[in-house]
Amino acid sequence: MIFMLFIMAYILLGLAAWVNGDPRRVAYPTDSQGYFCGQKGTPNENKSILFYFNMLTCTSPSVVVNLQCPTTQICVSKCPERFLTFMEIQFKYKNDSEYWTYYSQFCRTTFLKPVETLSQVLLDNDCPSAIYPSKPFLQRCFPDFSTKNGTLTVGNKTVFDDGSGKTRNAAELRKAANGINKALDARAIGVKVFEDYATTWYWILIGLTIAMFLSWMFVMLLRFTAGLLFWIFTFGVIGIIAYGIWRCYLEYSRLEEQPGSHLNAYTIGIQTDISMYFRLKQTWFALMIILCLLELFIILMLIFLRTRIRISIALLKEGSKAIGYIPSTLIYPALTFFFLSVCISYWAVVALYLATSGAPIYKVIAPQGQCEHENKTCDPVGFNTTEIAKACPGAQCHFAFYGGKSLYHQYITTFQLLNLFVFLWLINFVIALGQCALAGAFASYYWALKKPDDIPPYPLFTAFGRAIRYHTGSLAFGSLILAIIQMFRLILEYLDKRLQKAQSNISKFLKCCLRCCFWCLEKAVKFLNRNAYVMMAIYGKNFCKSARDAFNLLMRNILKIAVMDRVTDFVLILGKILVAGCIGVLAFLLFTERLPVIIEGPTSLNYYWVPLLTVIVGSYIIAHGFFSVYAMCIETIFICFLEDLERNDGSAEKPYYMSQSLMKIMNRRNVETKKQ
């Protein structure tokens, strides 16, 4: 019920944000008066570009504090294309009025002629003191930078007059728009990347389809290859370590006959050249001892844990069979992805509407950042006649953000935190629902005495309905615990970013400890929750009882769990690398035109690595989706296997439900099997 109340409050919050917010404030740039540029039905409808009067002031310290450039900003229909100053216009206007016609379109108000003096223009901010060639980007006018013979220029000029009698160079202007200029460079790269995607999109889809097929094949073939893969890898590691021991012995024997090799690390001291240590026979002797101990440890582990390793491999094969009997489980990640996409989209939309709620708020901005009234609220109408303008010459009243004094606007930050918290809760709930549904489906497979005849029809659909009907509260409670931990981690990261410059060594140490503790706590809770959902799917108990039973069961079989987790992790990681690697190699050969004899791929790509990385990352994500189902399957069957061992004895009343291969490994039999 609490979960449903939060969802209802989340919906109401979204409605309130939708009523008060206006995403056009993000889509359209806003001038110094708070008006949108290019918005239909307004005087600025045909003026879609924002123009800065003096871009050079954007290097002011107030930009960092207020995130606003302390210069007048107006909406224009196009950017300047030439160099002109207001003083030049006053002379050229007498001979040709066209100069003033062109210049006046970048002024706040329309004048018939340039009657004001330069000092009046700078004081009233009616016109810019100078304009220079610019280009529109992100609906804003930015300097038209270019490089000529290795020298930075603006409109083919290296130096220019800023309109106040000072000579400036292109580097100064570049510094003022440094971050934006990087975005300008990124625009050209973005166009080329888009062209590459337009050329290779169907090849990318083909590659992802092949990755899907390979992932399915890998999961299906694990019933035959799980043991082979594990032992090949294990003996490969043993062989590599043995080679390392032999190599260390050879180097030790070689150095024993050379003078100076008898020295030790204490004698030569600390050396910046690491190769000096490898000229000592003591170094190779120490490495040989370490490798021998590691080799001995691995061999002893294989000897003493051989039964548990065989159980793990048998469970991997059993998991492959279970997915073969319930293939619909491989499609479930698509449903989870859909639910997650809905949650992420709703959170982003609500956050956007909350951020754009309210009326325009204006703040005092001083170009030099040395005004006692700076960052105070002001009214742009008649600002130049106020006491603030007199006390702080050059100060301006500019649009800052959207807000208000109502109760709703005072709690915008709280609403944003609520939006984030409920989003984390919903995300964890969707993941928990998927885990519980899959656990229910695979549990129905395990507890079928005669497989596959006793498996109920539509096991995944039945398990999903059962989770929604009976376990919504338990899933919500488990996901709530996880959401609270994640919220604390996000707040900790936020405080770390905000207070990064004001931290001492002690506070940094405490911060690292807290981050580590919360990370470990989140991992532990995720592991416990996942096993609790499996117990819920088996017995139908609530979250707390299921978590307690799962924890006690796992503690009683801690060694089996350790071996099972390591074997499963190895197989799954190997599968992901194989799928992504195979597709990556094929894509590399195709996009670099190294398969012209077999198949003709796309030609003349700007960056072949763009579609290549897309295919590799996409293949890895697809493989991860398939193998996440397989991992849940293994975990469910493992929990069921442990429960089967503890509560059944093989009698007619309590027969074992495990497969014949597992019974053979555990040396267990059912009564019916003995009679047969």
Side-chain angles (χ1 to χ4, degrees), residues 201 203-223 225-226 229 315-316 318-345 426-443 445 459-461 463-464 467 475 479 482 523 526-527 529-530 533-534 537 565 567-584 586-587 611-638:
W201 65 269
W203 291 108
I204 293 175
L205 289 179
I206 292 173
L208 297 180
T209 304
I210 297 174
M212 192 179 301
F213 176 74
L214 285 179
S215 300
W216 178 79
M217 286 293 296
F218 188 86
V219 171
M220 291 296 102
L221 292 176
L222 273 178
R223 69 180 72 178
T225 59
L229 289 173
L315 288 172
L316 288 173
E318 197 67 21
S320 180
K321 292 180 184 178
I323 292 178
Y325 289 129
I326 316 175
S328 58
T329 53
L330 292 175
I331 308 174
Y332 190 85
L335 183 62
T336 301
F337 177 77
F338 171 75
F339 286 145
L340 292 177
S341 300
V342 171
C343 294
I344 293 171
S345 301
L426 287 173
I427 289 292
N428 287 298
F429 178 81
V430 169
I431 295 173
L433 177 61
Q435 292 173 345
C436 189
L438 290 172
F442 293 125
Y445 161 82
L460 180 61
F461 180 78
F464 181 81
L475 296 174
S479 55
L482 203 53
K523 292 294 182 183
K526 281 184 177 179
F527 177 77
N529 281 9
R530 196 163 56 248
Y533 300 147
V534 175
D565 282 347
V567 173
T568 304
D569 289 344
F570 158 69
V571 172
L572 295 183
I573 291 173
L574 182 62
K576 293 174 187 178
I577 294 174
L578 283 176
V579 172
C582 291
I583 300 299
L586 291 175
L612 176 62
L613 287 179
T614 303
V615 169
I616 292 175
V617 173
S619 301
Y620 185 86
I621 292 173
I622 289 174
H624 178 75
F626 275 83
F627 296 149
S628 63
V629 174
Y630 184 68
M632 196 66 205
C633 175
I634 297 300
E635 197 153 357
T636 303
I637 291 177
F638 183 56

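Numbering starts at 1 and runs along the sequence shown.
Among residues two or more places apart in sequence or in another chain, the ring-ring contact (aromatic ring centres under 6.0 Å, His included) test is passed with Tyr325 by Tyr445.
Contacts classified as side chain to side chain donor-acceptor pair (under 3.5 Å) and involving residues 210-221 (residues at least two apart or in different chains) are not found. Listed by first and then second residue, the side chain to side chain donor-acceptor pair (under 3.5 Å) pairs that reach into residues 332-344 come to none, sequence neighbours excluded.
Screening Leu475, Val534, Ile431 for a side chain to side chain contact (heavy atoms under 4.5 Å, CB included) with Cys436, the sole residue that qualifies is Leu475.
Nearest heavy-atom pair across Gly319 and Ile634 is CA-CD1, 3.8 Å. Of all heavy-atom pairs between Gln435 and Met632, the closest is O-CE, 3.5 Å. Closest heavy-atom contact between Leu460 and Ala437: CD1-O, 4.0 Å. Of all heavy-atom pairs between Pro333 and Val629, the closest is CG-CG2, 3.4 Å. The two atoms that bring Leu208 and Ser619 nearest to each other are CD2-N, 3.6 Å, heavy atoms only. Residue Leu316 comes nearest to Tyr630 through the heavy atom pair O-OH, 2.6 Å, listed as atom of the first residue, atom of the second, then distance.
When the shell of 6.0 Å around CZ of Phe527 is examined, it contains more than 12 heavy atoms from other residues, nucleotides or ligands.
From Ser628, atom OG reaches atom CG of Leu438 across 8.0 Å, with rounding to the nearest 0.5 Å. Going from atom CZ of Phe638 over to atom CG of Asp565 covers 7.5 Å, rounded to the nearest 0.5 Å. For the atom pair CD1 (Ile622) and CD1 (Ile583), the distance works out to 9.0 Å, reported to the nearest 0.5 Å. Annotation: the span from Leu330 atom CG to Met212 atom CE amounts to 10.5 Å, rounded to 0.5 Å. Atom CG of Leu426 sits about 10.0 Å away from atom CG of Leu340, to the nearest 0.5 Å. Here Leu578 contributes atom CG and Ile573 contributes atom CD1; the two are 12.0 Å apart, rounded to the nearest 0.5 Å.
Of the possible polar contacts, one joining the Ser320 side chain to the Met220 backbone as a donor-acceptor pair under 3.5 Å is found. Judged by distance alone, the side chain of Thr329 and the main-chain N or O of Ile326 form a donor-acceptor pair under 3.5 Å.
Residues Ile427 and Ile344 are in side-chain contact: their nearest non-hydrogen atoms beyond the backbone lie under 4.5 Å apart. For the pair Ile577 and Tyr620, the minimum side-chain heavy-atom distance is 4.5 Å or more.
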*Check against ring pair (Phe, Tyr, Trp, His ring centres under 6.0 Å), Phe627 and Phe218*: CA-CA 9 Å; Phe627 296 149; Phe218 188 86; 5.5 Å; yes
